[in-house]
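Take a look at the structure below.
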Amino acid sequence: MIDTSILFEPLAIGNITMKNRLAMAPMTRQRSYLDGTPTDLNVEHYRQRASAGLIITEGIAPSEMGTGYLFSPGLYTDSHQEGWRKISEAVHAEGGHLFGQIMHVGRLSDELLLNGKQPIAPSAVQPDPIARHYTVSCPRPKRSYLPPRALTHQEVLGVIDDFRDCAVRAQRAGLDGVEIHSASGYLPMQFLSTNTNLRTDEWGGSVEKRANFLLACVDAMTAATSPGFVAVKFSPGWQFHNVFDDDPIATYSHATRELSKRNLAYLQLGNYGMDWDVYGTLRPLFDGPVGYVAGFTRSTGAKAIAEDGADFICYGQNYISNPDLAERYEQGLGLNHIEQDSYYTQGAKGYTDYPIHADADPCSLIDVDSPPTPMPHID
């Protein structure tokens, strides 16, 4: 039997102390206003889950050009900032902490979302139009990806400024930190990956140069906020959204070593079915807290902390369907079933209407250590 009490020990990350080792993983949920301003539903959703040691928000666009989906939030206007201030105040009032995940989609956007502008990318490499997998359900133009436009050197610097300015707004809105989404095929991962970054300037070519964009974002964001305010998420080697790397171990080993020098709040690592040991390879290279994500249960999460180098565990599906997941895990209580059809819809259903354990039908609950439901794969 695994001793799961380790999940309920405190942990210092960045400028806060997590009250337990459970983090709510960042998950696209599509409940903001069309202009990217958070709604009252967003406030309630995050407030309900404040017993997590850390909430990592859904992906937040740092600029108009970073937007990839309808009803997703931004953080580049005063209205956005005020919306996130309401969320941070609600979470803090319940004793919780939250980091905002900064997500620039790069080449995965569409001119219909960008007021007629062409999507931007490290290089002009068009995504495979059928490579969307389960995100086909996310609200966006239902058509093939467009060819992106390669950023100039000066434009790369401008995007770094967008990340910096977004971090400043997050701090002003009262968030406890930000996480750069350098995973899932989005812009920082497009710079890291060999099939999407064909540049030969200081932003591409070698492993070191392909990592420069991410490292420059980290440096600019930290300098403009404070040490320990910035974190990073990796999904090393994952080919989601049609990104490929000739040598992901070399790429992410270098990037992890460089991040280890930069006083990050934490590094989030996801092993999404790789045939190499993502955690065992990269964890020893990072001198700071590391969170593991992807498919963990209560018992496997406790084991990862006790034996495999994790400091905390990020839970996705179970935080969608169980706002009181921390209490259920601590007391060994059954879990609510997940409703996958409402992942990317709008409104309260499947978002703020999941009951806490005391209000749930006992006959509807599943075992506390049930594995996550496989995501639907749509070609």
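All values reported here derive from a predicted model rather than from experimental measurement.
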Would you check if the side chain of Asp165 reaches a backbone N or O of Asp162 as a donor-acceptor pair within less than 3.5 Å? no
Check whether any side-chain N or O of Gln190 sits under 3.5 Å from a backbone N or O of Val105 as a donor-acceptor pair, and report yes or no. yes
Residue pairs meeting salt bridge (Lys or Arg N to Asp or Glu O under 4.0 Å), one or both in residues 210-236, sequence neighbours left out, come to Arg210-Asp245, Asp219-Arg262
For residues 284-296, which residue pairs pass the salt bridge (Lys or Arg N to Asp or Glu O under 4.0 Å) check, not counting sequence neighbours? none
Donor-acceptor pair, side chain of Thr39 and main chain of Leu41, under 3.5 angstrom: yes
With sequence neighbours excluded, give me every side chain to side chain donor-acceptor pair (under 3.5 Å) pair touching residues 44-56. Glu44-Arg47, Glu44-Gln48, His45-Arg49, Tyr46-Glu58, Arg47-Glu94, Ser51-Glu327
Salt bridge check: are Arg328 and Asp324 linked by an N-O gap of less than 4.0 Å? yes
Is there a donor-acceptor pair under 3.5 Å between the side chain of Asn197 and the backbone N or O of Trp203? yes
Cluster question for you: counting only ILVMFWY and a side-chain heavy-atom cut-off of under 4.5 Å, with indirect links fine, are Val91 and Ile60 together? yes
Sequence neighbours left out, what pairs pass salt bridge (Lys or Arg N to Asp or Glu O under 4.0 Å) with at least one residue falling in residues 20-39? Glu9-Arg21
List for me each residue that meets side chain to side chain donor-acceptor pair (under 3.5 Å) alongside Gln118, sequence neighbours excluded, and say none if there are none. none
Between His241 and Tyr186, how do the two ring planes meet: parallel, tilted or perpendicular, split at 30° and 60°? tilted
Test side chain to side chain donor-acceptor pair (under 3.5 Å) applied to Asp161 - qualifying residues, sequence neighbours left out: Arg164
